[in-house]
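The figures that follow rest on heavy atoms only: side chains count, while hydrogens, waters and symmetry mates do not.
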Amino acid sequence: MSTKKLGFGLMRLPSLDENDVSKIDIETVKKMVDTFIERGFTYFDTAWMYCGFSSENAAKEALVSRYPRDSYTLATKLHSGFIQTKEDRDKIFNEQLVKTGVSYFDYYLLHDVNAHSIDVYDKLDCFNWIVNKKKEGLVKTIGFSYHDGPELLDKVLTEHPEFEFVQLQINYLDWDSVGVQSRKCYEVAVKHNVPVFVMEPVKGGTLAKVDEKVEKMFKEYNPDMSVPSWAIRFAASLDNVKIVLSGMTTMEQLLDNTDFMSEMKPLNDEEYQLIDKAVSIINSSITVPCTGCSYCTDGCPMNIAIPKYFSLYNADLQEIEEKGWTPQGEYYMNLTKTFGKASECIGCGQCEGVCPQHLPIIEELANVAKHFEK
């Protein structure tokens, strides 16, 4: 089986109706799948709720029913939001087998482990359940996707060494983000010697449509490389990354990705320096110019994670409108399990008195609350 790092994420498939993602353009998907496999790539990733619950069906029609079982690998997931009883676990799993048309999954994940969902997974014994699926031969490799901080990730991997990979949000804009903390999460996975599969390498298209200065800089360095290629190669250049998922919507995107990923060349020092400049340029236009020094948090009577909230707020405002769902709101709600919400600010002014940047923190926290707690 191919070891090429690019995976086909079946989350943003071409649609026949821009207002209904469940109406998938299957004929276009078939052509994309054909090209993907012809170019030597084999990894496909879907999930229960993708494309209005139709992605797994599309995987069956465009891939499973048309190719030998040993010519591709298929991953899908169990999401905590759709299970309330232990019986629900098997009910969804069995239906996933029917929807996709396979007799086993090459990769199966607990979907979106975080500070909230882990309570559901623990209560319904999902960690042992997924191990049993592997023992039964219904799953070949088990893992989980993750949207939270490094501390919880370290705890999960310590308590569950049976997991064989973790799927993390990694891209050059989130790499040193105070809110998302991609670098620190990656380092935790490395510490546990757990392979990383990457999601959101282009932030759902946000890093495909960058500031004009950034695009000009990339094109001057290498006019043949697309803007998104810089983001995907950033993730793929990490030693512990085994798969980089790209949610490809058009044949043009697929042709571009499979072109530069066929013989993926890791970033060189000069390219890393350009990406650092790109991050600086992109972040220079952020809404709240917080440096993350955290002077404001030590004396906060409501224990509000001010820099983390500002980081997530900035990141969310940078997303392109057509992306739809963004992960920052989820990171925010995960943090509120440990820290006070932005809306719980009492306006005491302690934070503004110590802020080196003299930011209107009280006012900005109100904006964060309005944005994420609506």
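- Here the NZ atom belonging to Lys219 is positioned 14.0 Å from the CD atom belonging to Glu212, to the nearest 0.5 angstrom.
- Between Tyr309 and Phe339, the ring centre distance reaches or exceeds 6.0 Å.
- Lys370 places none of its side-chain heavy atoms less than 4.5 Å from the side chain of Asn367.
- Here the side chains of Leu78 and Trp129 are in contact, with some heavy-atom distance below 4.5 Å.
- At least one cation-pi condition fails for Arg66 and Tyr72: the charged atom is not both under 6.0 angstrom from the six-membered ring centre and inside a 45 degree cone around its axis.
- In this structure, the side chain of Ser237 engages the main chain of Leu267 through a donor-acceptor pair within 3.5 Å.
- The aromatic rings of Phe127 and His160 lie parallel to each other, their planes meeting at an angle below 30°, with 60° marking the opposite boundary.
- The distance from the CG atom of Asp20 to the SG atom of Cys51 is 10.0 Å, given to the nearest 0.5 Å.
- The backbone N or O of Val180 sits nowhere less than 3.5 Å from a side-chain atom of Gln328 that would complete a donor-acceptor pair.
- Checked for salt-bridge contact, Asp106 and Lys140 miss the test: no charged N lies under 4.0 Å from a carboxylate O.
- Counting only distance, with no hydrogens or angles, the side chain of Glu352 and the backbone of Ile361 share a donor-acceptor pair below 3.5 Å.
- Residues meeting the salt bridge (Lys or Arg N to Asp or Glu O under 4.0 Å) test with Glu164, sequence neighbours left out: Lys134.
- Remark: aromatic rings of Phe163 and Phe144 are close, center separation under 6.0 Å.
- In this structure, Lys133 fails the cation-pi test against Tyr108, since its NZ or CZ atom is not both closer than 6.0 Å to the six-membered ring centre and inside 45 degrees of the ring normal.
- Inter-residue side-chain proximity for Phe310 and Val178 is flagged as unmet; no heavy-atom pair is nearer than 4.5 Å.
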Per-pair distances, 0.1 Å, donor-acceptor, side chain in residues 244-251, under 3.5 Å, sequence neighbours excluded:
from   : atom 1 : to     : atom 2 : distance (Å)
Ser246 : OG     : Asn257 : ND2    : 2.9
Thr249 : OG1    : Arg12  : O      : 2.7
Thr250 : OG1    : Gln253 : N      : 3.1

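- A donor-acceptor contact shorter than 3.5 Å links the side chain of Asn171 to the backbone of Glu200.
- Under a 3.5 Å cut-off, the side chain of Ser15 and the backbone N or O of Lys23 do form a donor-acceptor pair.
- Side-chain contact between Leu110 and Ile142: absent, with no pair of heavy atoms (C-beta onward) separated by less than 4.5 Å.
- A donor-acceptor pair is defined here as one N or O able to donate and one able to accept, closer than 3.5 Å; no such pair exists between the side chain of Thr42 and the backbone of Thr73.
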Begin with the C-alpha distance, continue with both residues' side-chain angles, and end with the deciding distance and a verdict on side chain to side chain donor-acceptor pair (under 3.5 Å) for Thr326 and Glu319.
CA-CA 8 Å; Thr326 62; Glu319 300 276 21; 5.0 Å; no
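- Classification of Lys337 and Asp148 as a salt-bridged pair fails, no side-chain N sitting under 4.0 Å from a carboxylate O.
- The nearest pair of heavy atoms linking Arg183 to Asp176 is NE-OD1, 2.7 Å.
- Between the CD atom of Gln96 and the CD atom of Glu56 there is a distance of 4.5 Å, given to the nearest 0.5 Å.
- When atom types are taken as modelled, the side chain of Glu271 and the backbone of Asn268 share a donor-acceptor pair closer than 3.5 angstrom.
- Using a 4.0 Å cut-off between a side-chain N of Lys or Arg and a carboxylate O of Asp or Glu, Lys155 and Glu159 qualify as a salt bridge.
- Formation of a donor-acceptor pair under 3.5 Å by the Thr258 side chain with backbone atoms of Leu254 is found in this model.
- Taking Tyr313 as the reference, His371 meet the ring pair (Phe, Tyr, Trp, His ring centres under 6.0 Å) condition, with sequence neighbours excluded.
- Looking only at side-chain heavy atoms (C-beta outward), Phe44 and Val64 stay at 4.5 Å or farther from each other.
- At distances below 3.5 Å, at least one donor-acceptor pair connects side-chain atoms of Ser65 with backbone N or O atoms of Lys60.
- If you look at Tyr172 and Trp230, their ring centroids are not closer than 6.0 Å.
- No donor-acceptor pair under 3.5 Å is formed between the side chain of Ser22 and the backbone N or O of Ser54.
- Of all non-hydrogen atoms in Lys4 and Gly40, the two that sit nearest each other are CD-O, 3.7 Å.
- Residues Tyr121 and Arg89 have side chains not in contact (no heavy-atom distance under 4.5 Å, counting atoms from C-beta outward).
- Within the 4.5 Å cutoff, the side chain of Val102 has heavy atoms near those of the Leu97 side chain.
- Within the 4.5 Å cutoff, the side chain of Val166 has no heavy atoms near those of the Val156 side chain.
- Comment: Glu220 engages Lys216 in a salt bridge, judged by a side-chain N to carboxylate O separation of less than 4.0 angstrom.
- The pair Glu187-Lys184 does not count as a salt bridge, with every side-chain nitrogen at least 4.0 angstrom from each carboxylate oxygen.
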